[in-house]
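Since the structure comes first, as structure tokens, the remarks are kept for the end.
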Number of protein chains: 2
Amino acid sequence: MEYYKDEPSLLLAVDCIIFGFDGESLQILLIKRGFEPEINNWSLMGGFIQPSESPDEAAARILNNLTGLANVYMEQSAVFGKPNREKHGRVVSITYFALIDSKKYQQILSDKYQANWFPITDYPKLIFDHVEMINTAKRQLRSKAALYPILFELLPEKFTLPQISSLYEAVYDIVIDKRNFNRKLLSSNLLIKLNEKDKENSKKGAFYYILNKEIYKDQIMSFLRYLPSWSAQDLDK
Amino acid sequence: MEYYKDEPSLLLAVDCIIFGFDGESLQILLIKRGFEPEINNWSLMGGFIQPSESPDEAAARILNNLTGLANVYMEQSAVFGKPNREKHGRVVSITYFALIDSKKYQQILSDKYQANWFPITDYPKLIFDHVEMINTAKRQLRSKAALYPILFELLPEKFTLPQISSLYEAVYDIVIDKRNFNRKLLSSNLLIKLNEKDKENSKKGAFYYILNKEIYKDQIMSFLRYLPSWSAQDLDK
DNA sequence: TCAAAAGTGTTGACTGTACACCCATGT
DNA sequence: ACATGGGTGTACAGTCAACACTTTTGA
């Protein structure tokens, strides 16, 4: 630090916005904060970046400590750093958003950890600027998902066509014509049909599909052009 | 700081990737760094976040100090924070990208400041991880511009149709059919035709247009669907 | 008069959109 | 047998994509 010794240092934190999907609606994972200040109030999962780790590593560590989750899709979202966003001192926070299949972890989370899923449309009061963080992440999720097929990260490995359309309906808050959407989806070659049906959600049963990983890896969702004439308001809400 | 006093603090910097367009090709603004370490080597404009300012304010201040520019389109790009990205101590850097009409500032910049425009395809060796920062910003610029009409920020207030298509050709590194592109552009109602021609670049002269700010404000570039079947590789280069 | 860039129109292919019915099954 | 959700087909409309020539004017 010989050169920079006169520069002001500060605390750098990470907060994770964890989106989940249970087959019906979009959810968000929150915890009762485990340390002061604001202990026991609902909050995003957060923590401080340690000297030995990058922000990405910190986000993965924090997520793992607080929920047991690992190997989850996660990406940098935004930086929140207004001087007074925390009253107790200068803390700048980098947010990350994660996408997971919330059904897979429902039990583990509430048993071992103080974490709980809430509907994205109705969650408790949060500390600091965490609501703003969630809104920013939601906006980014929509933009990103308009170009890349990342929403599949919210589904189980085997999923059905009705599940995908519900997912898109939940994320963009729109109504989708399933006939057209399914056609578009299938013509993308992203999906491989299995000889197996999900009988949980209907009597007839819906065929399972899995992702064609080869194509998925770096595919742009041109098929998403199907979504009806967006306006910027739609994406920015 | 009563609660967080045991947490590790660090230095938070801001680096600005300033994209410019001169009517022909995409450029980037670099300076000879004015302080140690790495003094006098080419670098992005950077500096440390001060206690009284948000990251956004720091970015604007640094840009203004080093170039005289103000009121420029700027947005957060990404965070770079691997523990050893700078050898002289732990510094995490938030990058911003800015878009400006480079012709407007050509003289001022090289006279009063140590700043210089370079082609985005050919610039000098940079310090630290600044090349990676530029590549990330380029990728984000492409994604963002595929959904929002932000590239107009790179043009002067009055611009011509040939200028817009050159701009899109430069940003996406593609060849555009001007007949189709112009038609699409005009049908978006984003442009207002002036009764005045730019005679600098051709003998016949090209009509000037200005943006229809009302529509521009929150318009999605659905017209950009014109761009030929992108693949993720195209956007990610 | 020639060179250089601006501007303009048409057609066929494709993709998007709107719309309604039958299917398979568990109860 | 009926209620529930899954799946399929067609026709019209709109957008995209490919294509070449004329216009203007300064040198």
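Below, chains carry the letters A, B, ... as their sequence lines are ordered, and counting in each starts from 1.
- Every pair passing salt bridge (charged side-chain N to carboxylate O under 4.0 Å, His left out) that includes a residue from residues 149-168 of chain B is listed here, sequence neighbours excluded: B:Lys158-B:Glu196.
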Set out, in order, the CA-CA distance, both residues' side-chain angles and the distance that settles salt bridge (Lys or Arg N to Asp or Glu O under 4.0 Å) for B:Asp177 and B:Arg179, then state yes or no. CA-CA 6 Å; B:Asp177 181 313; B:Arg179 288 166 295 194; 3.4 Å; yes
Check nucleotides 23-27 of chain D for protein N or O atoms closer than 3.5 Å to its own N or O atoms and list the pairs.
residue: D:dT23; atom: O2; partner: B:Lys204; partner atom: NZ; Å: 3.1

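- Rounded to a whole Å, the NZ atom of B:Lys184 is 20 Å from the C1' atom of C:dG7.
- In the region residues 160-167 of chain B, proximity to DNA chain D at under 4.0 angstrom, judged on heavy atoms, holds for none of the residues.
- Counting to the nearest Å, the P atom of C:dG7 and the CZ atom of B:Phe181 are 14 Å from each other.
- Between B:Phe128 and B:His130, the ring planes are perpendicular. Angles over 60° get that label, and only those under 30° would be called parallel.
- Residues passing the side chain to side chain donor-acceptor pair (under 3.5 Å) test with B:Thr160: none are found, sequence neighbours excluded.
- Residues forming a ring pair (Phe, Tyr, Trp, His ring centres under 6.0 Å) with A:Tyr123 (at least two apart in sequence, or on another chain): none.
- Nearest-nucleotide positions on DNA chain D place A:Arg179 closer to the 5' end than the other of B:Arg179 and A:Arg179.
- We find that CD1 of B:Ile176 is positioned 17 Å from P of D:dC19, with the value rounded to whole Å.
- Between A:Arg183 and A:Asn180, the side chains place a donor N or O and an acceptor N or O closer than 3.5 Å (distance only, hydrogens not considered).
- The main-chain N or O of B:Phe118 is never found under 3.5 Å from a side-chain atom of B:Gln27 such that the two would form a donor-acceptor pair.
- Taking atom CG of A:Asn180 as the reference point, atom P of C:dA20 lies 13 Å away to the nearest angstrom.
- Taking the six-membered ring where tryptophan is involved, the planes of A:Phe97 and A:Tyr73 are tilted, since the angle between them lies from 30° to 60°.
- Here the P atom of nucleotide D:dA17 and the CD1 atom of B:Ile174 are 11 Å apart, to the nearest Å.
- Going from atom CG of A:Asp177 over to atom P of D:dA13 covers 18 Å, rounded to whole Å.
- Distance from the side chain of A:Arg183 is smallest to D:dT10 among C:dT8, D:dT10, D:dA17.
- Rounded to an integer number of Å, the gap from CG of A:Asn201 to P of D:dG7 is 11 Å.
- Partners of B:Glu169 under the side chain to side chain donor-acceptor pair (under 3.5 Å) rule, at least two apart in sequence or in another chain, are B:Lys178.
- Taking atom CG on A:Asn182 and atom C1' on C:dC23, their separation rounds to 15 Å, with Å as the unit.
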